Number of protein chains: 2
Amino acid sequence: MKSVRGGDAGRRRRRTTVAVKQSLRELRNQLSLLNHQVSARLTLKDVDLDCLELIARHGPLSPSTLARRAGLHPATMTGILDRLQKGGWIVRERNPDSADRRAIAVRAVRGRNAELFRLYSGMNTAMDELCDGYSEAELELIAEFLRRATEAGHTATADLAES
Amino acid sequence: MKSVRGGDAGRRRRRTTVAVKQSLRELRNQLSLLNHQVSARLTLKDVDLDCLELIARHGPLSPSTLARRAGLHPATMTGILDRLQKGGWIVRERNPDSADRRAIAVRAVRGRNAELFRLYSGMNTAMDELCDGYSEAELELIAEFLRRATEAGHTATADLAES
DNA sequence: TTCATATGATATGCTCCTCGTATTATCTGA
DNA sequence: TCAGATAATACGAGGAGCATATCATATGAA
């Protein structure tokens with residue numbers, strides 16, 4: 001709460017905050033465009049890659065959990081997983097000693113990552129170069145900001161979904 | 001180039017860089033999920049909202065230019081613009097004194113913004129509170145980082161699209 | 001236990017979207 | 001002047017998303 005009502009410093013601060021939010025929206029849009037190109041190369045849909053990332057990041061998940069997280073219909077998730085499985089990006093596993101024998105675990109296939117990595121290599125090296133221009137402390141500040149913004153996005157999405 | 005090969009500082013720095021990139025991917029994904037919820041509320045497709053943002057940000061554009069920017073087929077753009085126009089989010093205008101009389105200018109409708117703003121209000125206030133925790137200098141550092149990352153994404157996308 | 005109900009995953013069918021191609025109008029250059 | 005390129009859109013084929021149905025399994029109450 002450092003802004004001062006009506007003061008010059010407060011006005012400038014608000015402008016900067018707006019700039020941050022706008023840059024964030026534009027960045028999201030641009031990264032989605034990048035995702036779109038990568039998806040097209042793999043003959044996948046954009047949403048397929050989104051789900052693959054969720055699976056890779058948050059471990060083995062059930063289709064229904066995944067559908068809830070992605071805000072999609074369970075039947076839609078079946079189609080998405082079919083495409084990902086056909087492409088060899090994921091496997092569906094029945095866990096015999098699971099508490100619920102109806103449940104299925106979806107797991108990302110290691111070894112296909114190199115292929116993905118190659119498509120993202122342009123962005124990856126550009127980001128490495130960009131990060132090179134910042135100090136360690138600055139990078140940690142940025143990473144923390146990104147994490148908190150993600151958390152804010154998560155909350156906002158959940159609020160919107162359930163209301 | 002501040003990293004030192006093999007040194008402890010270099011290792012830590014690489015870890016932080018990786019953390020930044022990973023946070024960025026996760027943030028993109030989460031913000032796309034938010035976009036998905038907002039789109040659903042407006043009975044629009046995710047890509048419609050993406051295009052609307054491009055139109056609003058980069059002024060009046062022709063459908064073909066927009067299609068190229070979004071990496072979509074021109075015929076697909078016609079469908080997107082039909083939906084956006086039917087919803088009253090954009091207008092198609094023929095400019096009589098334009099150099100090219102085939103060209104059409106697509107313009108975002110002012111006045112619908114409040115509606116959009118309301119759907120994003122949760123995220124918006126959360127971002128305001130998040131930004132409140134940073135100094136003016138820190139915010140400017142973050143904004144600049146986001147802009148450069150966007151630029152990097154733009155280049156990487158273009159490279160991928162034309163190769 | 002026994003049964004009603006809920007839930008997980010998927011199959012089916014309908015609607016709508018995307019994209020290749022064709023069409024029409026217009027521009028550009030030889 | 002006219003052949004070819006380009007802008008926007010129409011049209012049709014193939015496919016995606018979702019509501020619903022289906023089947024197996026789980027859960028809770030009597």
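Hydrogens, waters and symmetry mates are skipped; everything else that's a heavy atom, side chains included, is used. Sequence lines set the chain letters: A, B, ... in the order given, protein chains first and strands last, and positions in each chain run from 1. The shown structure was predicted, so the numbers you read here are calculated from the model rather than taken from an experiment.
A donor-acceptor contact shorter than 3.5 Å is absent between the side chain of A:R12 and the backbone of B:E136.
Heavy-atom contacts from other residues, nucleotides or ligands closer than 6.0 Å to CZ of A:R92 number more than 12.
Applying the 4.0 Å criterion to OP1 and OP2 of D:dA8, one finds that B:T78 has every side-chain N and O outside that range. Distances shorter than 4.0 Å separate none of the side-chain N or O atoms of B:S62 from OP1 or OP2 on D:dA7. A close approach under 4.0 Å does not occur between any side-chain nitrogen or oxygen of A:R101 and OP1 or OP2 of D:dA24. Phosphate contact (OP1/OP2 of C:dC19, side-chain N/O of B:T76, threshold under 4.0 Å): present.
Taking atom CD1 on A:I104 and atom C1' on D:dA24, their separation rounds to 12 Å, with Å as the unit. We find that NE2 of B:H36 is positioned 10 Å from P of D:dG17, with the value rounded to whole Å. Taking atom CG on B:D50 and atom C1' on C:dT18, their separation rounds to 16 Å, with Å as the unit. In this structure, A:L66 places its CG atom 10 Å from P of C:dA9, rounding to the nearest Å. Between the CZ atom of A:R94 and the P atom of C:dT10 there is a distance of 8 Å, given to the nearest Å. B:H73 has its NE2 atom 13 Å from the C1' atom of D:dC11, to the nearest Å. To the nearest angstrom, P of C:dT18 lies 11 Å from CG of A:D46. In this structure, CG of A:L81 is placed 11 Å from P of D:dG17, rounded to the nearest angstrom.
A:L49 is listed as a side-chain neighbour of A:L42, based on a closest heavy-atom distance under 4.5 Å.
Taking only side-chain atoms of A:R68, from C-beta outward, the nucleotide of C:dG8, D:dA19, C:dG20 with the closest atom is C:dG8. Residue B:L72 places its side chain closer to C:dC19 than to any other of D:dA7, C:dC19, C:dT10. Nearest to the side-chain atoms of A:I80 among the listed nucleotides D:dG17, D:dT9, D:dA19 stands D:dG17. The side chain of B:P74 lies closest to D:dT9 when the candidates are D:dT9, C:dT21, D:dT25.
Nearer the 5' end of DNA chain D, as judged by each residue's closest nucleotide, is the contact made by A:R83, out of A:D100 and A:R83. Both B:G71 and A:A105 lie near DNA chain C, and the one whose nearest nucleotide falls closer to the 5' end is A:A105.
Salt bridge B:R148/A:E129: absent, no basic N to carboxylate O contact under 4.0 Å. For the pair B:R14 and A:D128, the salt-bridge criterion is not met [side-chain N within less than 4.0 Å of a carboxylate O].
At a threshold of 4.0 angstrom between heavy atoms, the contacts of B:A103 are confined to the sugar-phosphate backbone, with no base atom among them. Within 4.0 Å (heavy atoms only), B:V106 reaches no atom of the nucleic acid at all.
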